[in-house]
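Written below as structure tokens is the structure these notes are about.
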Amino acid sequence: MNLWNTIAVGFKEIWAHKSRSLLTMLGIVLGVASLVAMAALVKGMENGMRESMVAMGGADKVLLEDQEVPPEQEHLAEEAPGRTMLDVISLRRSAPLLKLVSPEMELDYTTITHEDKMVNPSECVGVWPAVLDMNLHTLEHGRFFTDLDEENANSVCVIGTGIRDELFGTPEKAGREIVPIGEVININGQPFTIVGMFTRYEGEMDRKLRELAKSKPAEKQAGPSRMKGWGRRGGWAFTRKNMTVYMPLNTAWLKFRSSSGTNGMPDPRLSSIDVKVSDMNRLEPALQQARNVMMMTHRGIEDFNFRTQENQLDTINQQIRNARLSGGIIAAISLLVGGIGIMNIMLASINERIREIGICKAVGASGFSIFLQILVESMALSILGAVAGIGASYGLVKIMAAITPTGNAPVITTDAMFVAVGFSAAVGIFAGLFPAIKAARLHPIQALRYE
Amino acid sequence: MALLELRDVHKTYHLGGEEIRALDGVSMDIEAGEFISIIGPSGSGKSTLMHILGCLDSPSRGTIKLDGLMIEKATSRQLASIRNQKIGFVFQFFNLLPKLNVLQNVELPMIYAGANAKERRDRAMEALQLVQLENRAKHRPSQLSGGQQQRVAIARALVNSPRIVFADEPTGNLDSHTGEAILNLFRTLTQQGRTIVLVTHDPEIAALTPRRIEIRDGKISVKVDPRLAGLDRVPAVAEPGKAA
């Protein structure tokens, strides 16, 4: 008996008991749908995590941090130079494996005022234009600093949209985009002209929240205008990025460090040096190269340290793996339960077909062809169920997205579909095996005599 | 050489510790082209004999040779193929598959033989013509009368051109008129050179066949067929025959 015939007969048998087959399949349908939907949810979660990782500057960003000198160099601690522009220039010249070197001089405890508004930025930093590529900033309005700004230490700044929102009002409330280029703001009492503004950085979740707020009419607020709640809104990585104020490095140095230096020279130490390696696969040699250069400029005093995003990446991967595993196990169990349902029905089905099996055997069906017949039926049930389950998963994902409109959108992956179909085919075989063996072993005479 | 040779065949069942000898040393020959009836009261072992002759069951002891093949050593898979190729069955309760139409029912043995769709169709239609039911090919068994159903079963039994056809009480569920028609059909078929074994408890039906074998308590009753008187007492001669 050829396979094609067997499959045709199997489908005929399923069709002959439509409602029973449907109920049997339901277990597999739900199992597959939950497996695919779970994978889609985890994928959405992963996308969200990667998004905020990129907001922090991407995986290839390495921070060069200050570090206490090691114990054996304790006596040299006073000589430790800290990170200065000398390091930056040397790294740029002598460490070709680094793609970007971005010096930063951060001003602590800054307050920015404009007319009667005040804001504390997440960071107020003197930078080189390299910072744009370093922190993956996009300038939407105006311009960034020129070499002339740097050389003359001009009092100009580029702000994030968060600062604009606080000082000039949000476009949501105003109903139009507000571009405060040319306005003068005071940073720690010193006037600065805004020459550029970044685009608004937001995660998928923030964007959805904003769109949701747009579609709903704003509630009328009773009493004086106020913020409700202290909690940070949305992803902190994005909020932080939007609250950035940048100024030329020299400006920061001369205007804000002049009073804290020694020997009449402003304090030359940078608050951080960020580097990007040109090739993530050559992270190790690149860091070694940077270390060698730094050991020269620091005269052998190891008062610095590298911090990579590898850990962050590992953490994300770990969390995704865990979520996938726990969800996968639950979905697999529900698929297995579906398989047991199939087994149950197949057993009942062969019980009522004993006589039929006997007839087939009498006219020359071998045990193997009976075995194959039952197995094909059970597999057809499970694969049909899997296909229906994939269809159902689309609906399920839609429902989940509708329930949590601000969550990261679940993304259905083809990988998950293949795994689900493969797994349910395996479940079908497993479920059909026992009934098939039972049917194949039936003695023709006893089967024929069965009433 | 006879088409079917039985030598000292025993079949014992164990039912709750009790040993039941359904067949107790049966030896017989069936020649090609014969029309034989196996007759005996219920419980005599005639059904068991038919099952063993028809390769549905294997004997506890003794040898069977069908068409030169030693049956008792065959595996269940080989037995299935022998049933498929060399043997046809007609049952008392017709045993048609209710879900399939007449044509599909007749095609069933050829499906297991691996014939292609066109060949199956052509040969099934030929077999249906033989029993004059070609105009009912698309009907369900439930839409046919008992006699028609039995003729479909006969067509199914004949479709693979078997060497031998076994009919187990083929008229048992039919009225006498229809039963007669079925028996006439069998007679016609034997005249075309087919070998048919009729199993019945009814001496009137058995009287229609040229040769009768009577079974009583699992043994062949010698009186009916004196030709086998000698054979019956010969101990099982293990012929150095070829394995199936």
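These numbers were taken from a predicted model, which means no experiment stands behind them. Protein chains get the first letters and strands the later ones, always in sequence-line order, with residue 1 at the start of each.
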Assess whether side-chain contact (heavy atoms from CB on, under 4.5 Å) is satisfied between A:Lys361 and B:Leu79, documenting all intermediate values.
-> CA-CA 10 Å; A:Lys361 286 200 159 181; B:Leu79 283 179; over 6 Å; no

Is the number of heavy atoms from other residues, nucleotides or ligands within 6.0 Å of CG (A:Asn317) greater than 12?
-> yes

Should we say atom CZ of A:Phe430 is surrounded by more than 12 heavy atoms from elsewhere, each under 6.0 Å from it?
-> no

Can you establish whether the number of heavy atoms outside B:Gln143 located under 6.0 Å from its atom CD is more than 12?
-> yes

A:Arg20 atom CZ, neighbour heavy-atom count above 12 within 6.0 Å = yes

Side chain, backbone, both or neither of A:Arg449 within contact of chain B (heavy atoms, under 4.5 Å) | side chain

Tell me, do A:Val363 and B:Arg83 make a side-chain contact under 4.5 Å, heavy atoms counted?
-> no

Greatest number of heavy atom pairs closer than 4.5 Å to chain B - which of A:Cys360, A:Ala16, A:Ser366 | A:Cys360

For the candidates B:Arg156, B:Met110, B:Arg77, B:His51, which exhibits the highest count of non-hydrogen atom pairs separated by less than 4.5 Å from chain A?
-> B:His51

Minimum side-chain heavy-atom gap A:Ser369-B:Tyr112 below 4.5 Å | yes

Answer yes or no: are there more than 12 heavy-atom neighbours, outside B:Lys118 itself, under 6.0 Å from its atom NZ?
-> no

Interface residues of residues 84-100 of chain B facing chain A - non-hydrogen atoms under 4.5 Å apart | B:Asn84, B:Phe89, B:Phe91, B:Phe93, B:Asn95, B:Leu96, B:Leu97, B:Lys99

Qualifying residue for side-chain contact (heavy atoms from CB on, under 4.5 Å) with A:Ile445, from B:Thr48, B:Asp57, B:Ile52 | B:Asp57

Can you check whether anything in residues 326-356 of chain A gets within less than 4.5 Å of chain B, heavy-atom wise, and list it by number?
-> A:Arg353, A:Arg355, A:Glu356

More than 12 non-hydrogen atoms from neighbouring residues, nucleotides or ligands closer than 6.0 Å to OH on A:Tyr394, yes or no?
-> no

So NE2 of A:His443 and OG of B:Ser76: to nearest 0.5 Å the spacing works out to 9.0 Å

